Number of protein chains: 2
Amino acid sequence: VEKFKSLSPSEFFYRNKEIAGFSNPARALYQTVRELVENALDATDSHHILPDIKVIIKNEVETPTSGLVGLSEAFEGGLYSVQVEDNGIGLPPSHVPRAFGQLLYSSKYVLRQTRGMFGLGAKMAVLYGQITTGKPAEITTSQVTSKRVYYYRIGIDVINNTPIIHEAATYMKTNDWHGTIVKIYLVGDWQRSKQKIYEYLKRTAIIAPYANIYFEDPDGEIMLFKRSTEEMPPPPREVQPHPYGVDLEMLKMMAATTKASTLVEFLYKEFQSVGITTANEIVQRSGLRPDLKPSDLTLEDLMKVLKAIKETNVKPPRADHLSNLGEKLIEIGLKESLKPEFVKAVTRKPSVYEGHAFIVEAGIAYGGRIPPSDKDFIPLLRYANKIPLLYDEAADVMRAVVRNIDWERYDVVFPAPLVVLIHICSTKVPYKGVGKEAVADVPEVEREMELAVKEAARELKSYLNMKAREREEAEK
Amino acid sequence: VEKFKSLSPSEFFYRNKEIAGFSNPARALYQTVRELVENALDATDSHHILPDIKVIIKNEVETPTSGLVGLSEAFEGGLYSVQVEDNGIGLPPSHVPRAFGQLLYSSKYVLRQTRGMFGLGAKMAVLYGQITTGKPAEITTSQVTSKRVYYYRIGIDVINNTPIIHEAATYMKTNDWHGTIVKIYLVGDWQRSKQKIYEYLKRTAIIAPYANIYFEDPDGEIMLFKRSTEEMPPPPREVQPHPYGVDLEMLKMMAATTKASTLVEFLYKEFQSVGITTANEIVQRSGLRPDLKPSDLTLEDLMKVLKAIKETNVKPPRADHLSNLGEKLIEIGLKESLKPEFVKAVTRKPSVYEGHAFIVEAGIAYGGRIPPSDKDFIPLLRYANKIPLLYDEAADVMRAVVRNIDWERYDVVFPAPLVVLIHICSTKVPYKGVGKEAVADVPEVEREMELAVKEAARELKSYLNMKAREREEAEK
Ligand SMILES: Nc1ncnc2c1ncn2[C@@H]1O[C@H](COP(=O)(O)OP(=O)(O)OP(=O)(O)O)[C@@H](O)[C@H]1O
Ligand SMILES: Nc1ncnc2c1ncn2[C@@H]1O[C@H](COP(=O)(O)OP(=O)(O)OP(=O)(O)O)[C@@H](O)[C@H]1O
Ligand SMILES: [Mg+2]
Ligand SMILES: [Mg+2]
């Protein structure tokens, strides 16, 4: 007899936590750091705030006050705490319990380029900490204009996917601090994740020269990335969906919730790139009455609208709502971190997949202090929405792109002192999984990445030919 | 101002359907077929029923009755229906709406080796069909002992994650048919997924010689895999969790729901491999009173129990609840499908990861009609819980294992006519994602796979040396 039951999202991700990147103590420690740092960066550089981010990982075994004494032999790995502090926009107190204690809760479910997108990151860290140590997460937060600081200790009721508030307190601000401090206790494995955590922070700093990042590790070592500029790229903006990316279900939901009173108004008010002329053109093609009330649209009507949209020439999505890195920033970052002889970055024009605008950028660094590597092992620095991707490279479309480049056509002789960087930013990065480690092989995206790398490779070829000619001259 | 909201599981997987394998029409058509076939096999061979499975993919554009006429130009790809029929155990009618219309609903959330495990497969197919065509799924089902057949047309309320029952009917059975018929309308791309769908069905048939699988494709081509044996492996059985796989959260949930009245009774009744002696040993180490009521256990108590478990020598999990393929079946399957000169299969003894028992099996086929391939492109037939895995090979630990084998040590000279098969079965296959296409690199699993392939490779080496000696003899 089959026993049927349903699971809440928290039960589901508790049982399948490896799918969210929490597969073992080393990986969990890394994932906890990155999820919290990505939240800190979203809370600052998307809001005109120069980021000051502090990451402290402590070995918690020895502290008598930690309440975890004597438990470390119970676990593989050791007991740690991860604390991430930022000077960002903070959270409204009423949302803190759910933001940290209810899976699938987020302020980033809107159409805007942000590092976060799933409403899971912070919660998975809280959950993993709770599973391995029993301790709740500690959150301190204050919004910019608020006079108060709020403190919570939050756990997760795994069966019901609701927050457990172990403690809630508030006090008046004595200075104008604003931001958020998140502290998670968990079983981690510092020795096995040390190298990846350092690399993640370095690669974050390379492309965020406007950020101060302070990192204190369990051995007491301190690494400080001081900001080298106060110039920040314009933050990404929220946009409306483009009609080409819309399906029946989305159209149904939008028609049900729109404030527009007619079909034509619905089309030009709810979609980007649709003006009154285009809206009328779509309605005419659909054969429906322009003054039809959106809430009265039947499924057949919606199908006619969808068909009419596909047959109408709608301007492609603009991409001025996106925030890319820029060729200058990529080249500076590659120069400072790799000390190459040659560097070239390329920012492609915006493109689209499934109604989401995206921009691909690539950078090539060559020579100088870069050690030589074989064709199959060209170091690849992957980024998506300004997040460095360090795991699952074999699964990433970026690795496939680099492997499929015919490097010999660009006069590269292996082993070669070569490094490639690829970045994609979009209102929706097509990740392969909720752990955000690899980008899926969407055809439009793969094509753009290939064109970007080839464009930079052509510059490399000119450079290599020039150096070859110089050597010949010198030898005469 | 950040806009916070929560998403239901259906909204979440609707927005991120590529994460469940529904990334484009070709992939969606493949995923729909496989999710339904895996459900059909779970409903038969796990229940002592020789599977009779019928898969029909139809091109739906031309049929006036389909109600989808004129809509195909609206979509990339074309309109199809996928129908899968089985002679399995059927579903109880009261569970049909949720089994097909509510995400995270399943009868496979228990600790038993099944192909399904997430409670998503059928629903993602229903959802994708609804998104692309607006049409509900059609389900016909009858349980073995039931006198009635039940018919439903089911859709999904995406916002609320609840089923929409478009139609429900029942009639008296006129014969002793039992089983389930599922029909989904969707936008697919037969040309682009044809090869993968054929390969999936062939590779399923290779390891299920006791199954009849009938496949009718959109071009009217019919492929029939007739069963070649009535012998079925014993079905997998449900087991209790092993203490080594238990964490604090799980212990908390089990202590809250157990019928046992004391701590000792809880331990030896709720866990596998724990008898009264071991239970008493664990309790003694924990320092807790043996007669403590499980529901009275505090978090500190549970931590002491967990620590005591880790310090106690508990028998490893047995694996007689698992259902592996067996060396004979693997060798027959490889012989019949590849016509090699040499074949050798290895079934490893059971092993454990995180409290889940697992068995790894490997097979090597060489020579005969196998075409030669280079070291990096050795064809690899991957299986997990008897499911063929066809996508994301680069991300699979199995590919890493095959790449890390020093084939030259086994006297293999590339290009070589070599094919490798790897199978893992477990109460929980450590998949990388909910689309079930690649196995994650769990250390214990990777190690077992490596040992299995090497064991088969040693046999290959003996064979190759013997052939070499024979050639030398012949040349004299
Ligand atoms: N440091 C922070 N400062 C301000 N807001 C934060 C911070 N950390 C989390 N939040 C808020 O809590 C929400 C939940 O965070 P969480 O990481 O779980 O999800 P997300 O970032 O929206 O998506 P993802 O799962 O992709 O990370 C965020 O959407 C954000 O509104
Ligand atoms: N052909 C079938 N015969 C009998 N029961 C079925 C059939 N198809 C689905 N079910 C029932 O419906 C449930 C839901 O199926 P679904 O494919 O969504 O999830 P699952 O198989 O449990 O897990 P997964 O997402 O990994 O496939 C199954 O657990 C099973 O009980
Ligand atoms: Mg986040
Ligand atoms: Mg299933």
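Per chain, numbering begins at 1; letters A, B, ... match sequence-line order. Fair warning: this is a prediction, and the values are worked out from it, not measured in the lab.
- Using a 4.5 Å cut-off between heavy atoms, B/P92 contacts chain A through its side chain alone, with no backbone atom that close.
- Of the residues considered (B/G433, B/S106, B/A438, B/P9), B/S106 shows the highest number of contacts with chain A, using heavy-atom pairs under 4.5 Å.
- With a 4.5 Å cut-off on non-hydrogen atoms, B/L302 does not touch chain A at all.
- One finds a salt bridge joining A/D392 and B/K432 here, because a Lys/Arg side-chain nitrogen approaches an Asp/Glu carboxylate oxygen to under 4.0 Å.
- Interface remark: A/V434 contributes backbone and side-chain atoms alike to the contact with chain B (heavy atom separation under 4.5 Å).
- For the 3.5 Å distance criterion, the side chains of A/N39 and A/D42 fail to qualify, holding no donor opposite an acceptor.
- Note on ring orientation: taking the six-membered ring where Trp is involved, the planes of A/F118 and B/F12 are perpendicular (angle over 60°, cut-offs 30° and 60°).
- For chain A, no part of B/I309 is nearby; none of its heavy atoms comes within less than 4.5 Å.
- Within the 4.5 angstrom heavy-atom criterion, only side-chain atoms of B/E354, from C-beta onward, approach chain A.
- Between A/V246 and A/P241, the shortest heavy-atom distance links the atoms CG2-CB, 4.4 Å.
- Side-chain atoms of A/H356 and A/T427 form a donor-acceptor pair, as typed in the model, at a separation below 3.5 Å.
- Neither the backbone nor the side chain of B/Q143 has a heavy atom closer than 4.5 Å to any heavy atom of chain A.
- Remark: B/T114 pairs with no residue by the side-chain hydrogen bond (donor to acceptor under 3.5 Å, both in side chains) rule, at least two apart or across chains.
- Residue contact with chain A, scored on non-hydrogen atoms closer than 4.5 Å, is absent for B/R98.
- For residues 394-403 of chain B, a heavy-atom distance under 4.5 Å to chain A picks out B/A394, B/A395, given by residue number.
- Counting heavy-atom pairs closer than 4.5 Å to chain A, the top residue among B/E11, B/E249, B/K252 is B/E249.
- For B/I159, the part lying under 4.5 angstrom from a heavy atom of chain A is the side chain only.
- In this structure, chain A has heavy atoms under 4.5 Å from both the backbone and the side chain of B/M250.
- Among the candidates A/Y185, A/F22, A/F13, the single residue satisfying the ring pair (Phe, Tyr, Trp, His ring centres under 6.0 Å) test with A/Y128 is A/F22.
- Contact count against chain B (heavy-atom pairs under 4.5 Å) is highest for A/N16 among A/V110, A/N16, A/L299.
- Proximity to chain A (any heavy atom under 4.5 Å) is shown, for B/E393, by neither the backbone nor the side chain.
- By the 4.0 Å N-to-carboxylate-O rule, A/E300 lies too far from A/K304 to be salt-bridged with it.
- Shortest non-hydrogen contact noted between B/Y431 and B/E437 is CD2-N, 4.4 Å.
- The existence of a salt bridge linking B/E2 and A/K108 is excluded, since no basic side-chain nitrogen approaches an acidic carboxylate oxygen closer than 4.0 Å.
- Salt bridge present: A/K428 and B/E18 bring a charged side-chain N and a carboxylate O closer than 4.0 Å.
- With a 4.5 Å cut-off on non-hydrogen atoms, B/Y109 touches chain A through its backbone and its side chain both.
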